[in-house]
Amino acid sequence: MRSPRVSVAPPRREAGRQSLILDVDTGIDDMLALLYAAGHPDVDLVAVTTVAGNVGVDDVVCNTLGVLELAGAGHVEVAAGAAGPIARTLCTTPETHGPHGLGHAVVDPVGTVSGRSAVTLLLEEARARPGEITLVTMGPLTNLAAAVLAEPNLPLLLKDVWVMGGTFTGAGNVAPRVEWNIHVDPEAARTVFHQWSTATERGATPITVMGLDVTETSQFHARDLVAVAEAAGIGTIGGTDKEVMAAPLGNPVLDLVRDALRFYFEFHEEYDGFYGAHVHDPFVVGAALDPTLVEVRSTVVDVDLGGGHTDGETVADWRGHVDKPVNAFVALSGDGPKFIARLRAVLAELACRVTA
Ligand code: BDR
Ligand code: CA
């Protein structure tokens, strides 16, 4: 029996400076998201929390510290988070992100990890600045699940939460309808959506979820790197796409991007049929900063835990079958090309600032 559900309008999100915490499993596209946030003039990057996913958490911490240092954001606190999912054995994805997470790139082991755990950091920062912080998650939801179980008011303490995860109208990248971040820790994802259903009744903002069907509109190609290098004054680069991706640029930011993306491009060439890459995670940061990049609809999201090929599937209840409060704004479409233009501009700016 269906009940009519009143749709919820997304909050009015003012343009301007935003305080962000990023929860990452760095990861090639997480790395781009870190560079985007570090280089974006409107971002106050409060901290970065890490979680096992694409690679083990030690590699995630090392990559995150190294990328931030290289981007001139070495002062940003980086906290170690969950080393594995709530109830499952960790699976990583070296075929997608390389043996240590950054493809063909390596970053120097620099910086010091915070004395606070990811969960402690999230809770302390949210309590210290209620209603101010936007959290963007780009890996499995293990840290957020632990944090919201420890503090059920966390959804009310955060200004907003944006999640890269799931797929709602399109195909999955792990199973027919299952996306990687949710697949790694589906119990955590389910916990998060359930907790948010309870919290929205008390006034919390539903989570905004960008699934693969939207983030895959954000594609980076060799020509984008050429454009970034030209905008950064590094000169004109010629040749085939593969020659472009193999030629050192002599700039620390752009060579990191080039070496990491070359691996991602090779993966996409093999599995998706094009020499380029879907850059999921930075698009979610871009949309958190400018929600006009996506069109969203309110709904109730749950996660299937039934085993088999739907295990980890994100299910959105579009027709009011489920008698639960709205817990999510699901992105239905997004302007990936517009975001890529912004990513190019921020990378060029950062490359100008950070020279060898
Ligand atoms: C997500 O999975 C990871 O491999 C990426 O970093 C991204 O967060 C896409 O499914
Ligand atoms: Ca990620």
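Start at 1 and go down the list; that is how both ligands and their atoms are numbered.
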Do you see a donor-acceptor pair shorter than 3.5 Å between the side chains of Ser218 and Thr215? no
Margin query: Taking Glu125 first and then Arg116, would you say they form a salt bridge - that is, a charged N and a carboxylate O separated by under 4.0 Å?
Written below: yes
Compute the shortest N/O to N/O distance between Thr96 and ligand 1 and return yes if it is under 3.5 Å, no if not.
no
* Asked: Can you tell me if His278 has a non-hydrogen atom under 4.0 Å from ligand 1?
  -> no
| said: Ignoring hydrogens and geometry beyond distance, is a side-chain donor-acceptor pair present between Glu349 and His40 at under 3.5 Å? | reply: no
N or O pair under 3.5 Å between Asp30 and ligand 1
yes
Atom 2 (O) of ligand 1 sits nearest the protein heavy atom Trp180 CD1, 3.1 Å
Using distance alone, decide if ligand 1 has a nitrogen or oxygen within less than 3.5 Å of any nitrogen or oxygen in His97. yes
query = Based purely on interatomic distance, does His280 place a nitrogen or oxygen under 3.5 Å from a nitrogen or oxygen of ligand 1?
reply = no
At under 4.0 Å between heavy atoms, what of Glu179 touches ligand 1? The answer is side chain
Note: ligand 1 atoms sitting under 4.0 Å from heavy atoms of Asn173 are 9 (C), 10 (O)
**Item:** Note, Asn63 side chain near Thr50 side chain (heavy atom, < 4.5 Å)
**Value:** no
Quick note on ligand 1: atoms under 4.0 Å from a heavy atom of Met164 include exactly 1 (C), 7 (C), 8 (O), 9 (C)
Taken by chain and residue number, the protein N/O/S atoms under 3.0 Å from the Ca ion (ligand 2) read Asp25 OD1, Asp30 OD1, Asp30 OD2, Met138 O, Asp281 OD2
Honestly, for Thr215 the part within reach of ligand 1 (heavy atoms, under 4.0 Å) is neither
For Met138, the ligand 1 atoms with a heavy-atom partner under 4.0 Å come out as 8 (O)
NE2/His100: more than 12 non-hydrogen atoms of other groups inside 6.0 Å: no
* More than 12 non-hydrogen atoms from neighbouring residues, nucleotides or ligands closer than 6.0 Å to CD on Glu132, yes or no? -> yes
Using the rule given for ring-ring contact (aromatic ring centres under 6.0 Å, His included), can you reason through His268 versus Tyr275, listing the C-alpha separation, both sets of side-chain angles and the distance that settles it, and then say yes or no?
CA-CA 6 Å; His268 283 79; Tyr275 190 70; over 10 Å; no
Any donor-acceptor N/O pair, Asn327 side chain to Val301 backbone, under 3.5 Å: yes
For ligand 1 and Gly139, I'd like to know whether there is a polar contact (N/O to N/O, distance under 3.5 Å). no
| message | Under 6.0 Å between ring centres: does that hold for Phe267 and Phe263? | response | no
Problem set entry | Distance-only donor-acceptor check, side chains Ser114 and Glu77, under 3.5 Å | yes
Q.
Does Arg129 form a salt bridge (Lys or Arg N to Asp or Glu O under 4.0 Å) with Asp44? I'd like the steps, not just the answer.
A. CA-CA 13 Å; Arg129 306 160 72 173; Asp44 162 27; 3.3 Å; yes
Notebook entry, point to check: Does the distance from a Lys or Arg side-chain N to an Asp or Glu carboxylate O, for Asp302 and Arg190, drop under 4.0 Å?
Noted result: yes
**Asked** Among side-chain atoms of Thr93 and Asn54, is any donor-acceptor pair under 3.5 angstrom?
**Response** no
Note to self: Does ligand 1 come near enough to Asp29 that some N or O of the ligand is less than 3.5 Å from an N or O of the residue?
What the structure shows: yes
min-distance protein heavy atom vs atom 4 (O) of ligand 1 -> Asn54 OD1, 2.7 Å
Counting N and O atoms only, with roles assigned by atom type, does the side chain of Arg177 sit under 3.5 Å from a partner on the main chain of Phe168, one being a donor and the other an acceptor?
yes
Under 4.0 Å from one or more heavy atoms of Leu212, ligand 1 contributes atoms 10 (O)
If you scan protein heavy atoms around atom 8 (O) of ligand 1, the nearest is Asp281 OD1, 2.7 Å
